[in-house]
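Here the structure is laid out as structure tokens; the discussion comes afterwards.
Note that this is a predicted model, so its numbers are computed, not measured. Note: hydrogens, waters and symmetry copies are ignored here, and every other heavy atom, side chains too, is used.
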Amino acid sequence: MLFRNILGLAHIKKHLAVSANSGRVPHAQLFVGPEGCGLLPMALAYAQYIICGNTDEENSGANNACNIKFDSYAHPDMHFVFPVSNSDKVKSHAVSHDYIKEWRQFITEQPYGNLFDWYRLIDIEKKQGQIGVDEAQDVVKKLALKSYEGGYKVMLIWMAEKMNISAANKLLKLIEEPPNKTVFLLLCEDEEQILQTIKSRCQILHFPPLAEDAIVTALLDKGANKEEALRIAHEANGNFNKALDLLNKDSEDLIFEKWFVQWVRSAFKAKGNKAAIHDLINWSEEVAKTGRETQKKFLLYCIAVMRQAMLINYNVEELAYMQIESEGFQLNKFAPFVHENNILSIVKELEDAIYHIERNGNSKLILTDLSIRLTRLLHAKSS
């Protein structure tokens, strides 16, 4: 991965290249940014830049043999850690190395992909992956070895917020004082989930969402027409992974939209109609049949829709980027039901449901309770 292959983020490319060229490479760095902004491609390009000893911002390839190894992501001084779980392929004590073939496929085909895309590729979308203590032990062993080519070694930890406490504690000392010329690159979307003891040992670099014009240019290169590219780039809201899904009509948001509309319609029927509670229970059962990662992603989608509705309700439509295509449902007609008297409570209920699902609560009970609570909140009157 080369810097010139990455969409936008020119200021971050320049910062990383200049610091590497001047020999200022922090031994532990935390890259933080929203989904689809390019954290992983940037980290891959930066690792290649410092390991292969390139000297120009465009990473043109001063060391061709080194760059060839990076083309297949098989350079011996580049190590990867990412969330995994036991599966049909790995029955117990799963670690990243067990899925390295799939990982190379993932970063080649979907470098802007999200956690759900990764779980789907390795067929664990109904489980919750993590970075556990077995993984931490593997990291310690790998970094105890000398650099294969005598230069930098890089340990890239993708979705570092999935590191459990045991693994984090085991890696603390190593992150604080790694072997000479060893660099940790931790990538995360939710900084709040990273232990403070880990954060305090890292230099933090925040990434913004991608600019719309960068996404438009990339979509045009992929065959979209100008009108389609502009519409998708606006709806993607800085997320290139979502933009690609919308272009290919492969977005899980289409399923989430169906669930959301189904719930809203049941919620409004439920007012003064006790029989309609069965519709809410059926809705909860349908969503609960999916994997926990899907459920969490859907609830995050619901939070995003509620925030968009609030913006529309308060006449700032220029900040509303979501489009709901379901027949008969219009976001601007739903918007008046989301207001100052219920928005905070709605978001809290959704966040609490995510919390309990993440901790392996009974999904059907959690979602049924959530649907009833949200139904009451939607009927609250605006002041």
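Checked by atom type and distance alone, the side chain of S96 pairs as donor or acceptor with a backbone atom of F82 at under 3.5 Å. Counting only distance, with no hydrogens or angles, the side chain of N21 and the backbone of A17 share a donor-acceptor pair below 3.5 Å. Under the 3.5 Å distance criterion, the side-chain polar atoms of R104 are matched with a main-chain donor or acceptor of Y73. Side chain of D117 to main chain of N114: a donor-acceptor pair is present (N/O by atom type, distance under 3.5 Å, no hydrogens or angles). Of the possible polar contacts, none joining the R201 side chain to the Q29 backbone as a donor-acceptor pair under 3.5 Å is found.
In summary, the aromatic rings of H379 and F337 are positioned with their centroids too far apart to meet the 6.0 Å limit. For F70 and Y49, the ring centers are positioned 6.0 Å apart or more.
Here CG of N225 is found 8.0 Å from CG of L220. Values are rounded to the nearest 0.5 Å. One distance of note links CG of D88 with CD1 of I122; it measures 11.5 Å at 0.5 Å rounding. Here the CD1-CG distance, from I50 to L16, works out to 9.5 Å after rounding to the nearest 0.5 Å. In this structure, CG in L246 is found 6.0 Å from CD1 in I232, a value given to the nearest 0.5 Å.
When the shell of 6.0 Å around NE2 of H93 is examined, it contains 12 or fewer heavy atoms from other residues, nucleotides or ligands. More than 12 heavy atoms of other residues, nucleotides or ligands shown are found within 6.0 angstrom of NZ on K296. The 12-atom threshold is exceeded at CD of Q196, counting heavy atoms of other residues, nucleotides or ligands nearer than 6.0 Å. Around the NZ atom of K289, the shell of radius 6.0 Å holds no more than 12 heavy atoms that belong to other residues, nucleotides or ligands.
Salt bridge K258/E286: present, at least one basic N to carboxylate O contact under 4.0 Å. Between E351 and K348, none of the side-chain N atoms (NZ, or NE/NH1/NH2) sits under 4.0 Å from a carboxylate O, so this pair counts as no salt bridge. Under the 4.0 Å criterion applied to side-chain N and carboxylate O atoms, K173 and E177 are assigned as salt-bridge partners. Taking a cutoff of 4.0 Å between a charged side-chain nitrogen and a carboxylate oxygen, K242 and D245 do not qualify as a salt bridge. Between K364 and E285 there is a salt bridge, since a side-chain N of the basic residue sits under 4.0 Å from a carboxylate O of the acidic one.
Relative orientation of the F31 and Y46 rings is tilted, given thresholds of 30° and 60° on the angle between their planes. Aromatic ring orientation, F260 versus F334: perpendicular (interplanar angle above 60°, classes split at 30° and 60°). Relative orientation of the Y301 and F298 rings is parallel, given thresholds of 30° and 60° on the angle between their planes.
Side-chain N/O atoms of Q110 and N241 include no donor and acceptor closer than 3.5 Å. Side chain to side chain, H339 and N313 fail the donor-acceptor criterion of an N or O pair below 3.5 Å. There is no side-chain donor-acceptor pair under 3.5 Å between H97 and E135.
Under the rule for a side-chain hydrogen bond (donor to acceptor under 3.5 Å, both in side chains), the partners of E102 that lie at least two apart in sequence or sit in another chain are K89.
Residues L205 and V32 have side chains not in contact (no heavy-atom distance under 4.5 Å, counting atoms from C-beta outward). Considering only heavy atoms from C-beta on, V25 comes within 4.5 Å of V183 through its side chain. With a 4.5 Å cut-off on side-chain heavy atoms, M1 and P111 count as touching. At a threshold of 4.5 Å between non-hydrogen side-chain atoms, the residues M42 and F207 count as touching. Between I194 and C188 there is a side-chain heavy-atom pair separated by less than 4.5 Å. With contacts defined as side-chain heavy-atom distances shorter than 4.5 Å, the pair I6/L44 does not qualify. Using a 4.5 Å cut-off on side-chain heavy atoms (C-beta onward), L195 and L172 make no contact. Counting only heavy atoms from C-beta outward, the side chains of I157 and M163 approach each other to under 4.5 Å.
Residue pairs meeting the side chain to side chain donor-acceptor pair (under 3.5 Å) criterion with at least one member in residues 151-162: none, sequence neighbours excluded. The stretch residues 130-150 participates, sequence neighbours left out, in no ring-ring contact (aromatic ring centres under 6.0 Å, His included) pair at all.
Cation-pi geometry between R359 and Y355 is met: the NZ or CZ atom falls under 6.0 Å from the ring centre, inside 45° of the normal.
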Exercise. Evaluate the ring-ring contact (aromatic ring centres under 6.0 Å, His included) criterion for residues Y119 and F106: first the C-alpha distance (whole Å), next the side-chain angles of each, then the deciding distance (0.1 Å), finally the verdict.
Key: CA-CA 10 Å; Y119 288 167; F106 178 71; 9.9 Å; no
Between V84 and D98, is a side-chain contact (heavy atoms from CB on, under 4.5 Å) present by the stated rule, with each step listed? CA-CA 9 Å; V84 294; D98 297 321; over 6 Å; no
Exercise for the section: Might you work through the side-chain contact (heavy atoms from CB on, under 4.5 Å) test for I354 and L300, ending with a clear yes or no? Expected result: CA-CA 8 Å; I354 293 171; L300 288 170; 3.7 Å; yes
